[in-house]
Amino acid sequence: MKKILLTIFFILILAGAGVVYYLYRQILAPNVSVTKENEFVYLPTGSTFSQVVDSLQASGMLQNVASFQWVAERMGYPEKVKPGKYQLRDGMNNRELVQLLRSGKQVPVKLIFNNIRTKSDLAGKISRQLEVDSLQLLQLLNDSAVLSPLGFNTENILCMFIPNTYEVYWNMSAEKFFKKMDTEYESFWNKTRLQKAKDEGLTPIQVSVLASIVQSETSRNSEKSTIAGVYMNRLRKNWKLEADPTLIYAMNDFSIKRVLNEYKEIDSPYNTYKYFGLPPGPICLPEISSLEAVLNFSSHDYMYFCAREDLSGYHSFASDLKTHMLNARRYQAELNRRNIRR
């Protein structure tokens, strides 16, 4: 009888050990294999538990799918799926993985946008970094009912977006993205900058529009304040701005390298050869350096400038038309020599 009891006892111990080992394998054993320093899983808004499993399986980071499902179901995760971008750590067990996904503690995205000319450019660049659809963003960018309360219209809305690096969540909605950018815009336009703009008779939107022209004229930060000063001189003397980049924008052909006289006849509010004052909106998304160049433009008597004939990206400045024409002829001769016709 004792032998039977001992046998049963050892069987129970072994069975218990087996259960403990099974639970360990299911819950606490490493089940995530990460080969890179940063590995992420993206769970779109509205994802079901089944879709989460598919995403993890497709990522190749989950070693045992069945054990993950078993633990997730017992931890109540299928009813608590939260969308977002999650960073997985090598060696995570199922319990840690479920806790992470269930907590909603996702990794922020460093959102960057620059080199933007149009609303379509902006919507495309944002949608490539966030979950939000580019068409949805475009609809908001063209919706007067949405833009008007923010102080913008469909022509100048790009002024609200200050190129920088922002920390946001990947699954941020289009509406929340707009609210975030409006908050950043208000933060950028502090009392000091508002006063500088006011002192020069400009609104923040006008500063942005002029800054977009300055930026389109030069990539050399050292020249931006000088070029801004030229345009401020023209505005003060009630001259037309006659800015070549506005013609290129009006023609919607950014491959143009040489502005011809025939382009100056195009009928567009962005044609600053035909119409006085600033165009109705920015012709690109001005960087902070360009905005600061307008707010702190150089005081001088230059009324003209022309790209240097060495095509270095720098410009020759002039106070009188005669000197400017000499500069322009040298530049045009170099374009002819290089066979650059448009």
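Basis for what follows: all heavy atoms, side chains included, without hydrogens, waters or symmetry-related copies. Please read all numbers here as calculations on a predicted model, not as lab measurements.
The closest side-chain heavy-atom distance from Gln139 to Val146 is not below 4.5 Å. Between Asn336 and Arg258, the closest side-chain pair of non-hydrogen atoms falls below 4.5 Å. You'll find the side chain of Leu147 stays beyond 4.5 Å of the side chain of Asn153, heavy atoms only. Between Arg89 and Val34, every side-chain heavy-atom pair lies at or beyond the 4.5 Å cut-off. Proximity of Leu88 to Leu97: side-chain heavy atoms (C-beta onward) are separated by under 4.5 Å at one or more points. Val132 has its side chain within reach of Leu137: a pair of non-hydrogen atoms, C-beta onward, lies under 4.5 Å apart. Here the side chains of Glu96 and Leu100 are not in contact, with every heavy-atom distance at 4.5 Å or above. Using a 4.5 Å cut-off on side-chain heavy atoms (C-beta onward), Asp301 and Asn233 make no contact.
Under the 4.5 Å side-chain heavy-atom criterion for grouping Ile, Leu, Val, Met, Phe, Trp and Tyr, Val259 is not connected to Met325 through any hydrophobic cluster. Phe188 is connected to Phe113 through a chain of hydrophobic side-chain contacts under 4.5 Å among Ile, Leu, Val, Met, Phe, Trp and Tyr, so both are in one cluster. By the rule that hydrophobic residues join a cluster once side-chain heavy atoms approach within less than 4.5 Å of another member, Val41 and Val109 end up as members of separate clusters. Connection of Leu43 to Val107 is not established within any shared hydrophobic cluster, with ILVMFWY side chains joined at heavy-atom distances below 4.5 Å, either directly or through further cluster members. With hydrophobic clusters built from ILVMFWY side chains whose heavy atoms lie under 4.5 angstrom apart, Met303 does not share a cluster with Met232.
Note that CG of Asn31 is 4.0 Å distant from CG of Asn94, once rounded to the nearest 0.5 Å. Taking CD of Glu292 as the start and CG of Asn221 as the end, the distance is 11.5 Å to the nearest 0.5 Å. Interatomic distance, Ser103 OG to Gln99 CD, rounded to the nearest 0.5 Å: 8.5 Å. In this structure, OG in Ser290 is found 11.5 Å from CD1 in Ile213, a value given to the nearest 0.5 Å. The CG atom of Asp253 lies 12.0 Å from the CG atom of Leu247; values are rounded to the nearest 0.5 Å. For the atom pair CD (Gln106) and OH (Tyr86), the distance works out to 5.5 Å, reported to the nearest 0.5 Å.
Looking at Glu200 and Arg236, a side-chain N of the basic residue comes within less than 4.0 Å of a carboxylate O on the acidic one, giving a salt bridge. Here Arg338 pairs with Glu334 in a salt bridge; the nearest charged N to carboxylate O distance falls below 4.0 Å.
Other residues, nucleotides and ligands contribute over 12 non-hydrogen atoms within 6.0 Å of the OH atom of Tyr304. More than 12 heavy atoms of other residues, nucleotides or ligands shown are found within 6.0 angstrom of CG on Asn190. Annotation for Lys198: atom NZ does not count as buried by contact number, only 12 or fewer foreign heavy atoms lying within 6.0 Å.
The main-chain N or O of Leu138 is found under 3.5 Å from a side-chain atom of Asn142 such that the two form a donor-acceptor pair. Panel note: side chain Ser212, backbone Val209; a donor-acceptor pair is recorded below 3.5 Å. Here the side chain of Arg234 pairs a donor or acceptor atom with the backbone of Leu241 at under 3.5 angstrom. Remark: the backbone N or O of Ala123 is paired with a side-chain donor or acceptor of Ser127 at under 3.5 angstrom. In terms of modelled atom types and a separation under 3.5 Å, the side chain of Arg220 and the main chain of Ser312 share a donor-acceptor contact. Looking at Thr218, its side chain never comes within 3.5 Å of a backbone N or O of Val214 through a donor-acceptor pair.
Residue Ala197 comes nearest to Trp189 through the heavy atom pair CB-CZ3, 4.3 Å, listed as atom of the first residue, atom of the second, then distance. Of all the heavy atoms in Lys224 and Ala293, the pair that sits closest is CB-CB, 3.5 Å. Closest of all the heavy-atom pairs between Ser225 and Asn296 is CB-O, 3.8 Å. The two residues Gly201 and Gln206 make their nearest non-hydrogen contact at O-OE1, 3.8 Å. Nearest heavy-atom pair across Cys306 and Ala328 is SG-CA, 3.6 Å. Here the closest non-hydrogen pair linking Ser33 and Asp90 is CA-OD1, 3.3 Å.
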Using side-chain contact (heavy atoms from CB on, under 4.5 Å), reason through Ser268 and Tyr249 one step at a time and then give a plain yes or no. CA-CA 10 Å; Ser268 166; Tyr249 182 86; over 6 Å; no
Apply side-chain contact (heavy atoms from CB on, under 4.5 Å) to Thr226 and Ser298, showing your working. CA-CA 5 Å; Thr226 306; Ser298 298; 4.0 Å; yes
Verdict with supporting geometry, Ile157 and Met160, side-chain contact (heavy atoms from CB on, under 4.5 Å): CA-CA 6 Å; Ile157 181 55; Met160 188 179 77; 4.2 Å; yes
Report the C-alpha separation of Gln129 and Val168 in whole Å, then their side-chain angles, then the decisive distance to 0.1 Å, and conclude whether the side-chain contact (heavy atoms from CB on, under 4.5 Å) test is met. CA-CA 10 Å; Gln129 298 176 74; Val168 300; over 6 Å; no
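Centroid-to-centroid, the aromatic rings of Tyr231 and Phe305 come within less than 6.0 Å.
A side-chain donor from one of Thr45 and Glu131 sits under 3.5 Å from a side-chain acceptor of the other. Looking at Asn252 and Arg117, their side chains never bring a donor and an acceptor atom within 3.5 Å of each other.
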Show me the donor-acceptor pairs, under 3.5 Å and distance only, between side chains in residues 269-288 and residues at least two apart or in other chains.
unit_1 : atom_1 : unit_2 : atom_2 : d
Tyr270 : OH     : Glu155 : OE1    : 2.6
Asn271 : OD1    : Tyr273 : N      : 2.9
Asn271 : OD1    : Lys274 : N      : 3.3
Asn271 : ND2    : Lys264 : O      : 2.8
Asn271 : ND2    : Ile266 : O      : 2.7
Thr272 : OG1    : Ala243 : N      : 2.9
Thr272 : OG1    : Ala243 : O      : 3.4
Thr272 : OG1    : Thr246 : OG1    : 2.7
Tyr273 : OH     : Glu242 : O      : 3.4
Tyr273 : OH     : Asp244 : OD1    : 2.5
Tyr275 : OH     : Asp267 : OD1    : 2.6

Residues 175-185 side chain polar contacts: donor-acceptor under 3.5 Å, at least two apart:
unit_1 : atom_1 : unit_2 : atom_2 : d
Lys180 : NZ     : Glu184 : OE2    : 3.0
Thr183 : OG1    : Lys179 : O      : 3.0

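As a member of the Ile/Leu/Val/Met/Phe/Trp/Tyr network built from side-chain separations under 4.5 Å, Leu311 groups with Tyr331, Leu335, Ile340.
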